[in-house]
Amino acid sequence: MTFRFRDIMKYHFNDIEAKWQKYWADNKTFKAVNNSNKPKYYVLDMFPYPSGAGLHVGHPLGYIASDIYARYKRHKGFNVLHPQGFDSFGLPAEQYAIQTGQHPAITTEANIKTYRRQLDQIGFSYDWSREVRTSDPNYYKWTQWIFIQLFESWYNLENDKAEAISDLIKRFSSEGNTNVNAICDDNVEMFSAENWNNFSSEKQQQILLQYRLTYLAETEVNWCPALGTVLANDEIVNGVSERGGHPVIRKKMTQWSMRISAYAERLLQGLETIDWPDSLKESQRNWIGKSVGAQVEFRVQSSEFRVSVFTTRPDTIFGASFMTLAPEHELVSKITTPEQKQEVDAYTEATTKRSERDRMADVKTISGVFTGAYAEHPFTKKPIPIWIGDYVLAGYGTGAVMSVPCGDQRDYDFAKHFGIDIPNIFEGVDISEEAFADKDNSIIANSDFINGMNYKKATKRVIYELEQIGQGEGKINYRLRDAVFSRQRYWGEPFPVYYVNGMPQMIDAKHLPIKLPEVEKYLPTETGEPPLGNATVWAWDAKKCAVVSNKLADDANEIYPLELNTMPGWAGSSQYFNRYMDPHNSEEIFSKEAINYWQQVDLYIGGSEHATGHLLYSRFWQKFMFDKGLVPHDEFAKKLINQGMILGTSALLFVFREMSSKGYDVKDTDLPDADDLNKIIVSGGFYDKYLEYNNLYDRYLNSKEEFKKFMIEKDISEEDWKPHKNFLDLLQNEIYNVNKKGRFIFDDDSFQTLEENIFKSNDLRVDLKHLDEITSDFVKISSFIKDTKYKEFKNAIFLNDEGQKVEDDLIKSKREVEKMSKSKYNVVSPDAICEQYGADSLRMYEMFLGPLEQAKPWNTAGITGVHSFLKKLWKLYFDDNGLKVNDAEPSKDNLKTLHKTIKKVEDDIKNFSFNTSVSTFMIAANELTAQKCTSKEILEPLLIVISPYAPHIAEELWSKLGHNTSISTASFPIFDASHLVESSKNYPISFNGKMRFTIELPLDMSKEDIEKAVLAHEKTQAQLQGREPKKVIVVPGKIVNIVS
RNA sequence: GCUGAAGUGGUGGAAUUGGUAGACACGUUGGACUUAAAAUCCAAUGGCCUGUAAGGCCGUGCGGGUUCAAGUCCCGCCUUCAGUACCA
């Protein structure tokens, strides 16, 4: 009996947390309503992709911060919307489906369940009744709906907004397109009203596609052969795919695109109106890449063609001594002379075959060829040779440049390399070594009508003159490209599209959602169609249409093919924040009432990695929806904060491995995935061979024939690589070929070395747990590596630097702090933390680690600090005899501690400085414990202050103090400054700026009296040692400084 | 190369307008309690010097400067991290 009584008085966080989590769920404590007398506040987290690995401690960091903010706002009397959901379409589930046949919906559902359990155990105050999942047909119905709206819109530059395509059609049929000022395809042809009305329906549709905000066009796309799909620019990192790290090549394909470029200027201007991190805004500015200059047209001699270039330096036009076109430029084949044709063809072919990564890896090499053609300088009429070179990018500007070697380093290098003229057009500048690119300090010379002018004046004049002769105009160019919107994948939103005579048609919105059909296989069809081509039945509630196989049949039983691509990952995340406002509405994307009530997100917290993806696309969709009158703001989030990454500590073992006949065994590594292979390459110590491998892999993917040729060139006979089932063998051959150090041939069970053994050092990342287990015992380490962890080292012999066998202590270990990832064995799961210390400890510790925005290493050991704080807090309320809180009158010190805490915590929350709040709580608990405070008047409001951070313990103690409703809406205590007023100050007394001692003096003492008191003090006299003070500075309430 | 952020004890980090540098924790050391461990509590903890104490000297990446006073402001460098990269 006694035991049980004592037991109740202890802080049993597991029971307490489970109890309150259930209470919140049962009572729908955090359900937000769409109208209220209270002011509204919308706090949003970036919703997670539910991966199979579950959450690690880095994931909840931002969620905890936003939860604290949401809970704080509730205490301050706001009606808070704090929803959560899942970005549940995506590649990993599909890759898993390809490997296992498991339907992605099943994997996704299971993963969501795990995520939900993990999130629930941390005690977030989400309104789960508003959960959205991007893969739910009731949700993606509206993603499809927005797609239709975009298709039915064009961008009118006269009003600077998106408008209905039906209006455009009216204008075309009454006035043609010559006076229409719209954002459209560069190559759109000009026509009159009469032309338009005589065009065939297909021709009209083709033209309209050039205006629509989402359109189908043949564009040069980033094709990832390994993933079998196209990728958007933001899905490529360092020239390889973001997911999986596969090579990417350029390819022309017919794809859906989003005309985000129409919004380039507004996306740029809008940044001024939102409170987002500067670094993130800067990323978006760079991505949009606005540059002001001129477009200039050069006539090609003895032909009808004109080469159009974009330049930011029209003032240097007289220095143009050649032109350079991108190898992909459409004029290349048209203007090349017969004599140069062979050389040009060889060059263009070679460039198109290079992957992005190759091109990037090899920036320094200057290459190019002369086309044989000449352009005519618009002013001097002198002939200018036209070259092609891969330093000119097809995707930027017009894909052609006027090359001014004296003013641009790349042009300079190119000219030097090929011996082209470098005329100097700058006054008093030496260009014998390098180009002079400083536009702000240049005076133009040798340039006819702009001689003696500076950059600004000359630019203006040149543009004027170009306009006079009709060969150019001022122009603003953006780097931002239209975003490719289709993917050749299964697990994504189907398009609401079918084709009539090859022209895309929207399926009527009343048939939405177009549900994702079932397929047998998640791979492309044998004819190379996307996975949806495998579908035999498309089920949707069609009134007039029936679906026959992959085709749509209308009343008259004509059959039309359906769009088989799916939408990219960012489609579903581009407006989810609005859908949360009215998530179950089946009639509208959201009701007018809901959007007018919630308006926009007040606080959005998430990772900076979405800077040029999700966050840019979402702003684009929001602006479009604003134009259509659907939303009241053209920016969706007022304030945004990027939480920093939590880094894990990896354990590295350094071993030296002998590669011998009994050594490196990689037999059963089947490698369809470059990601896996890269890992082995890197951990195998072949860092230097990484690139070679990639070339090889690219070659293989590009063309097996070409690969074969390459291998033969490298003197590796077909016999050597043909029997091998995977790329690793090829790699081995490549290594052999490159460094001649060793050769490894698959021989059923092991590799054989034909030449000398080679030694390589390896850093193997191991599970920290295991590292502790094996510590310095060599036998254990070696058996751990060979048997437990790394099968490929099964037969390895460990050597030290000198090549001797390692007997006991030569395997070194090291710790490294890096991004948490499964493959690095440095992941810490929140589950174990919650189990051992509780959710409140986890929440507090994550905040305590450091500033929210900053990257910081995780160290589980440190959690004892906040955990013992919570125990100490508990003890303020309970001792062995039970609840000790009473109605005692609070002391002055008690009140001072409480109000100091209220003030500091409130300021901290406003500044998102959550780490310092935790310190403040610790100080408060330490002080109140020392003061032996038992006063309810202090301890009750203290709980509300702590509640956003540690809601479970706060709820429990709150109820123990006699409340029978949740603490979550209790009013935040009002700070009363009068409790902090001091009557005296412990003045620091410094001598020549160095603090020596302190003196306690009344705060109302005058400057003169302070000076007298300080100078009279014995310690002052000791410091001065008889010297006369030269100057005494007294800052009342702050400091005294004596200069001697 | 360009852009942005940051460099403070053994570690994470504090110091809101220039005014006691190192709050709060972790770790370490010593002690109490305990058969023992865990848990808990107490004390010390930037470096160096003086036997201790009192005290002193040096200390916020480096070099200068402004100021009575600089982690904080100014100038010049170095390093690290992140983003971006032939953008005409």
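In what follows, chains carry the letters A, B, and so on, assigned in the order in which the sequence lines appear, proteins first and then strands, with residues in each chain numbered from 1.
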A:Tyr391 OH - B:A85 C1' separation (whole Å): 17 Å
Identify whether NZ of Lys or CZ of Arg in A:Lys903 sits under 6.0 Å from the centre of the six-membered ring of A:Phe975 and within 45° of that ring's axis. yes
Could you tell me how the ring of A:His614 sits relative to the ring of A:His610: parallel (under 30°), tilted (30 to 60°) or perpendicular (over 60°)? perpendicular
Where the side chain of A:Asn926 is concerned, which of B:C24, B:C87, B:U16 is the nearest nucleotide? B:C24
Check the surroundings of atom NZ in A:Lys932: do more than 12 heavy atoms from other residues, nucleotides or ligands lie under 6.0 Å from it? no
Side chain of A:Met922 (C-beta onward), nearest among B:A21, B:C24, B:C68: B:C24
Do you know which two heavy atoms are closest between A:Ile388 and A:Ala326, and how far apart they sit? CG2-O, 4.5 Å
Below 4.0 angstrom from OP1 or OP2 of B:C87, is there any side-chain N or O of A:Arg481? no
Quick one: are A:Arg843 and A:Tyr949 in side-chain contact, heavy atoms under 4.5 Å? no
Evaluate the ring planes of A:Tyr845 and A:Phe848, with Trp represented by its six-membered ring, and classify them as parallel (under 30°), tilted (30 to 60°) or perpendicular (over 60°). tilted
Side-chain N,O (A:Asn915) to OP1/OP2 (B:C24) below 4.0 Å: no
Contact class for A:Glu853 (heavy atom, under 4.0 Å): base, sugar-phosphate, or nothing? nothing
Among B:G19, B:A14, B:G4, the nucleotide that comes nearest once only the side chain of A:Thr916 is considered: B:A14
Closer than 4.0 Å, any side-chain N/O of A:Arg996 to the OP1 or OP2 of B:C57? yes
Side chain to side chain contact (heavy atoms under 4.5 Å, CB included) test vs A:Ser990 passes for just one of A:Val1040, A:Ile1039, A:Thr998, namely A:Ile1039
Short N/O separations, protein against nucleotides 40-46 of chain B, under 3.5 angstrom:
{"from": "B:U40", "atom 1": "OP1", "to": "A:Lys871", "atom 2": "NZ", "distance (Å)": "3.2"}

What is the ring orientation for A:Tyr396 with A:Phe310, classed by angle as parallel under 30°, tilted 30 to 60°, or perpendicular over 60°? perpendicular
Give a yes/no answer on whether the side chain of A:Ser291 brings an N or O atom under 4.0 Å of OP1 or OP2 in B:A88. yes
Listed nucleotide nearest any side-chain atom of A:Asn1041, set B:G13, B:G19, B:U84: B:G19
Can you tell me which nucleotide in B:G13, B:C68, B:A85 comes closest to the side chain of A:Lys1031? B:C68
From the set B:C68, B:C86, B:U16, return the single nucleotide nearest to any side-chain atom of A:Lys904. B:U16
Just N and O in the side chain of A:Gln409: are any of them under 4.0 Å from OP1 or OP2 of B:C86? no
Among B:U16, B:A69, B:C87, which nucleotide has an atom closest to any side-chain atom of A:Tyr396? B:C87
Can you figure out which of B:C68, B:G13, B:C24 approaches the side chain of A:Val1043 most closely? B:C68
Which of the following nucleotides, B:U20, B:G13, B:G19, is nearest to the side chain of A:Met995? B:U20
Give a yes/no on whether any side-chain N or O of A:Arg410 is located under 4.0 angstrom from OP1 or OP2 of B:C87. yes
Identify which nucleotide among B:G13, B:A69, B:A21 has an atom closest to any side-chain atom of A:Lys856, counting heavy atoms from C-beta outward. B:G13
